[in-house]
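This report refers to the structure that appears directly beneath it.
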Amino acid sequence: MSQKNKVRHAQREAQQEKQANKVVGWIFAVLIVLALAFLAVAMMS
């Protein structure tokens, strides 16, 4: 593999890892919001 391809590959991996971390963060945020909504509904009934 040429040096240029190695650099591109490393950049692409870094970008994918960044995106994956962002997705995981959003999933946790949504789960927390759903848990709070569930608690609110459970307390009212």
Side-chain angles (χ1 to χ4, degrees):
M1 203 181 328
S2 75
Q3 193 64 24
K4 211 182 237 186
N5 283 345
K6 286 181 185 178
V7 170
R8 274 199 205 122
H9 186 69
Q11 286 174 341
R12 187 167 59 243
E13 274 187 14
Q15 183 70 22
Q16 285 179 341
E17 188 174 340
K18 216 163 147 185
Q19 195 172 6
N21 287 339
K22 207 182 283 186
V23 169
V24 168
W26 274 106
I27 290 171
F28 276 124
V30 168
L31 285 175
I32 289 169
V33 168
L34 289 175
L36 291 174
F38 176 77
L39 284 174
V41 170
M43 290 179 98
M44 287 185 171
S45 60

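Numbers here simply count residues along the sequence, with the first being 1.
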Identify every side-chain donor-acceptor pair in residues 13-20 under 3.5 Å, counting partners at least two apart or on other chains, and give the distances.
| from | atom 1 | to | atom 2 | distance (Å) |
| --- | --- | --- | --- | --- |
| Glu13 | OE2 | His9 | NE2 | 2.9 |

May I have the list of side-chain donor-acceptor pairs in residues 28-36 shorter than 3.5 Å, sequence neighbours left out?
none

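With contacts defined as side-chain heavy-atom distances shorter than 4.5 Å, the pair Met44/Val41 does not qualify.
Scored by the side chain to side chain contact (heavy atoms under 4.5 Å, CB included) test, Lys22 finds Trp26 as partners (sequence neighbours excluded).
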